[in-house]
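First the structure, in the form of structure tokens, and then the observations on it.
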Amino acid sequence: MIEVKEVIVTDMNRRGDGKTSAVRRVLEVYTKEGILLANMDSMGNFSIEQMLDFGQFCRNNSGLTVQEALHQFSGGVIDSYH
């Protein structure tokens, strides 16, 4: 089934601190209600800062599986990883 919807595409968000990772634009796709559907970071969809934050989150929530931790860490936006 194919469904066509209007979305908002923006590259106004930036990632990187300029020290541990380069500052760059992030392409994001939102619903008209403001829910993030997808993002594209030229250096991968996780910055070094986000990976460090996720590692700390996992350390503090050791009872969660990686899938559960990723879902909670991302606020439900990311449901799986590869």
Completion exercise
side-chain contact (heavy atoms from CB on, under 4.5 Å) filter on S62, not counting sequence neighbours, yields none
Practice task
Hey, could you give me the CD1/OH distance between I35 and Y30, rounded to the nearest 0.5 Å?
Solution key: 11.5 Å
Problem - Atom pair CG (L64) and CD (Q72), whose distance is rounded to the nearest 0.5 Å - result: 5.0 Å
Table please: side-chain donor-acceptor pairs of residues 3-11 below 3.5 Å, with sequence neighbours left out.
| residue | atom | partner | partner atom | Å |
| --- | --- | --- | --- | --- |
| E3 | OE2 | K5 | NZ | 3.4 |
| E6 | OE1 | K32 | NZ | 3.4 |
| T10 | OG1 | M12 | N | 3.1 |

Handout entry: R14 side chain reached by R25 side chain, heavy atoms, under 4.5 Å
Key = yes
Handout entry: Cluster overlap M40 with V29, hydrophobic side-chain contacts below 4.5 Å
Key = yes
Problem - Pair listing, ring-ring contact (aromatic ring centres under 6.0 Å, His included) test, anchored in residues 51-70, at least two apart - result: F54-F73, F57-F73
